[in-house]
Amino acid sequence: MRGMFSICCVSGLLSGWALCGQVFAGSAIASAMNPSAPAFSSGGYLNVAAYSEQADIGSNASVTSDVVLGGTTAASPGQYRSGVGLTSQKIAVPSGFKVSPLTGNTVPNYTFSGPVAQILGPGQFALTKGQLSEPDDEVSITSTTGAYSGSASVSNQTNPLINLNFPKYAITAEATVDDSGDVVPGDSSALAGDPVNIPAGTYTYDPSLDCSVQLNPKGEEGSARVYAVDGATFTSDSVDNFVADGEPLDQSLWTLTRYGSQGSVVGIRGYDFYLNPTALSEITFPASYLASLGSYTDTTSEALLIDQAVDDEISSLTGDISDLTDFDPFPTGTSYTPLMDGEEYADGADAAIEAPEPGAIFLPLVLAVLGVRELRRRH
């Protein structure tokens with residue numbers, strides 16, 4: 001699930017990223033494998049969307065989409081190409097930084113671009129998850145404009161040699177820019193959403209997450225984020241419409257964001273994990289884990305302690321520089337109990353990369369380095 005252009009070694013905090021070998025593209029990649037319970041493996045409409053633009057070309061110059069069912073490529077419902085049938089939905093791209101009111105950490109400050117290229121069908125979605133019934137079944141879309149490309153997919157990762165009755169579904173969003181030459185201003189982005197309806201019960205909660213941002217020192221910004229949302233935290237609309245409603249991440253169950261910016265001299269990068277205090281009515285952590293966090297007086301202070309613990313774990317693994325692979329932010333023994341039978345639940349993944357006009361990235365980078373927040377993710 002990791003892009004072929006995203007492999008590099010990075011070091012240093014203020015002097016730019018040291019590159020191991022030649023880097024052909026900047027990339028941001030976000031992916032999530034759903035929790036292991038069978039209830040997370042059926043039902044729900046799929047959502048994939050992508051966008052790309054380049055200053056001297058335009059947007060969504062080439063759009064391709066694929067649907068694979070039963071190992072056979074099927075006709076793609078609502079396959080859209082440049083300027084035809086594009087939705088009015090917009091998609092987030094990073095643009096400088098702000099301090100998160102939710103966690104107090106530095107996070108990307110997004111702008112929105114569109115209209116996106118999106119596979120549509122009945123009910124504004126192409127397929128239900130139940131139709132991705134065979135290993136390697138997939139629905140995907142890619143938008144490419146010049147050097148920029150955004151791609152999103154939902155796929156069935158069932159391994160029939162292990163257990164066909166417990167399929168795992170993967171969502172992936174990837175954004176890249178070919179920066180082997182001079183970078184032309186533009187951006188690319190993608191999102192994937194995977195809603196389901198969860199029957200009443202208590203389920204093992206063990207998502208597997210990848211977050212990767214690799215940037216060449218040419219004035220690029222990138223962001224990769226994964227999240228989960230359900231009807232207990234997002235109450236203003238159907239969870240199916242969470243993306244269409246602008247992804248209000250303060251109403252997600254939790255969100256993990258990997259971000260970075262890189263100018264020719266200075267750079268900033270890090271992670272931010274947010275757990276919604278409301279989620280603690282459904283996500284139950286082991287008592288021993290909670291005891292290790294220290295004292296708290298309510299769900300808000302409890303959630304902040306968990307945020308800090310996850311940030312600390314990420315920092316110990318990555319130093320806020322490297323990428324996360326197969327990462328589970330929740331300790332062994334964590335469970336999920338929907339408040340209602342048939343609770344709407346969705347995994348989401350977003351990725352975006354942007355190269356603004358020369359010099360446009362310099363000031364927010366300097367402000368971030370000089371004191372917006374410290375580089376190593378701390379509350």
* Asked: Distance from N276 atom CG to T300 atom OG1, nearest 0.5 Å?
  -> 9.0 Å
* To do: Spell out, as yes or no, whether a donor-acceptor pair under 3.5 Å connects the side chain of D237 to the backbone of F242.
  => no
* Examine distances only and state if a side-chain atom of E282 and a backbone atom of L339 form a donor-acceptor pair shorter than 3.5 Å. => yes
* Given side chains that start at C-beta, do those of T73 and V68 come closer than 4.5 Å, heavy atoms only? -> yes
* E344 versus S238, side-chain donor and acceptor atoms under 3.5 Å -> yes
* Asked: Do F112 and L191 share a hydrophobic cluster, counting only Ile, Leu, Val, Met, Phe, Trp and Tyr and linking them when any side-chain heavy atoms are less than 4.5 Å apart?
  -> no
* **Donor-acceptor contact below 3.5 Å, side chain N109 vs main chain G96** => no
* To do: Check the pair L256 / I314 against side chain to side chain contact (heavy atoms under 4.5 Å, CB included), numbers first and verdict last.
  => CA-CA 11 Å; L256 174 62; I314 292 172; 3.6 Å; yes
* Kindly compute the distance separating CG (L249) from OH (Y227), expressed to the nearest 0.5 Å. => 7.0 Å
* Evaluate the criterion side chain to side chain contact (heavy atoms under 4.5 Å, CB included) for residue pair L317 and F327; output intermediate values, then yes/no. => CA-CA 10 Å; L317 293 172; F327 177 69; 3.9 Å; yes
* To do: Looking only at non-hydrogen atoms, find the nearest pair between P356 and E221 and report the distance.
  => CG-OE2, 4.3 Å
* Could you identify which residues cluster with Y274, counting Ile, Leu, Val, Met, Phe, Trp and Tyr as linked when any side-chain heavy atoms lie under 4.5 Å apart, either directly or through a chain of such contacts? => L102
* Could you pull out the closest heavy-atom pair between A228 and D347, with the gap in Å? => CB-OD1, 4.4 Å
* Please answer whether the main-chain N or O of T257 pairs with a side-chain N or O of D272 as donor and acceptor at a distance below 3.5 Å. => no
* Asked: Among side-chain atoms of T172 and S31, is any donor-acceptor pair under 3.5 angstrom?
  -> no
* To do: Answer with yes or no whether the side chains of S301 and D298 bring together a donor and an acceptor at under 3.5 Å.
  => yes
* Find out whether E220 and V177 are in side-chain contact, i.e. whether some heavy atom of one side chain is under 4.5 Å from a heavy atom of the other. => yes
* Quick one: does Y148's side chain have a donor or acceptor within less than 3.5 Å of a partner on G186's backbone? -> yes
* Side-chain heavy atoms of F273 within contact of P329, under 4.5 Å -> yes
* **Nearest heavy-atom neighbours spanning V226 and D210** => CG1-O, 4.4 Å
* Asked: Can you check whether A147's main-chain N or O pairs, donor with acceptor, with Q54's side chain at less than 3.5 Å?
  -> yes
* To do: State the CG-OG1 distance between L304 and T299, to the nearest 0.5 angstrom.
  => 9.5 Å
* To do: Apply side chain to side chain contact (heavy atoms under 4.5 Å, CB included) to D245 and F234, showing your working.
  => CA-CA 11 Å; D245 290 342; F234 182 59; 3.4 Å; yes
* Results of salt bridge (Lys or Arg N to Asp or Glu O under 4.0 Å) for E343 - residues two or more places apart only -> none
* Distance in Å, D341 CG paired with N197 CG, rounded so as to fall on 0.5 Å steps -> 9.5 Å
* Do S52 and S188 have side-chain atoms, one donor and one acceptor, less than 3.5 Å apart? -> no
* Beyond-backbone contact of S155 with D137, side-chain heavy atoms, under 4.5 angstrom -> no
* Between Y110 and S189, is any pair of side-chain heavy atoms under 4.5 Å apart? -> no
* Where do L293 and A309 come nearest, in terms of heavy atoms and distance? -> CD2-CB, 3.7 Å
* Evaluate the side-chain proximity of S113 to D187: yes if any heavy-atom separation is below 4.5 Å, no if none is. => yes
* Asked: Shortest non-hydrogen contact from T142 to S149?
  -> CG2-OG, 3.6 Å
* **Joint cluster assignment, L209 & Y345, ILVMFWY side-chain distance < 4.5 Å** => yes
* Taking atom types as modelled, find out whether T202 and T337 have a side-chain donor-acceptor pair closer than 3.5 angstrom. => yes
* Donor-acceptor contact below 3.5 Å, side chain D230 vs main chain T233 -> yes
* **Test of ring centre spacing under 6.0 Å for F330 and Y336** => no
* Asked: When rounded to the nearest 0.5 angstrom, what is the spacing between CG in D311 and CG in N105?
  -> 5.5 Å
* Would you check if L275 and V310 make a side-chain contact, meaning some heavy-atom pair closer than 4.5 Å? => no
* To do: Test I353 against V213 for side chain to side chain contact (heavy atoms under 4.5 Å, CB included), laying out the working first.
  => CA-CA 9 Å; I353 195 165; V213 175; over 6 Å; no
* To do: Flag the pair P108 / R225 as yes when at least one side-chain heavy-atom distance between them is below 4.5 Å, and no otherwise.
  => no
* Structure fact -> CG (L46) and CD (E138) are apart, to the nearest 0.5 Å, by 11.0 Å
* Between T103 and D307, does any side-chain donor sit less than 3.5 Å from a side-chain acceptor? -> no
* Within one Ile-Leu-Val-Met-Phe-Trp-Tyr cluster: V243 and Y51, side-chain cutoff 4.5 Å -> yes
* To do: Output all residues satisfying ring-ring contact (aromatic ring centres under 6.0 Å, His included) with Y289, sequence neighbours left out; order by chain, then residue number.
  => F285
* Report whether V184 and L215 are members of the same hydrophobic cluster (ILVMFWY, side-chain heavy atoms less than 4.5 Å apart, transitive linking). => no
* To do: Answer with yes or no whether the hydrophobic clustering places I198 together with W254; edges join I, L, V, M, F, W, Y residues whose side-chain heavy atoms lie under 4.5 Å apart.
  => yes
* Structure fact -> P338 and A200 have their tightest heavy-atom pair at CG-CA, 4.4 Å
* Go through the side-chain N and O atoms of N60 and S143 and say whether any donor and acceptor fall under 3.5 Å apart. => yes
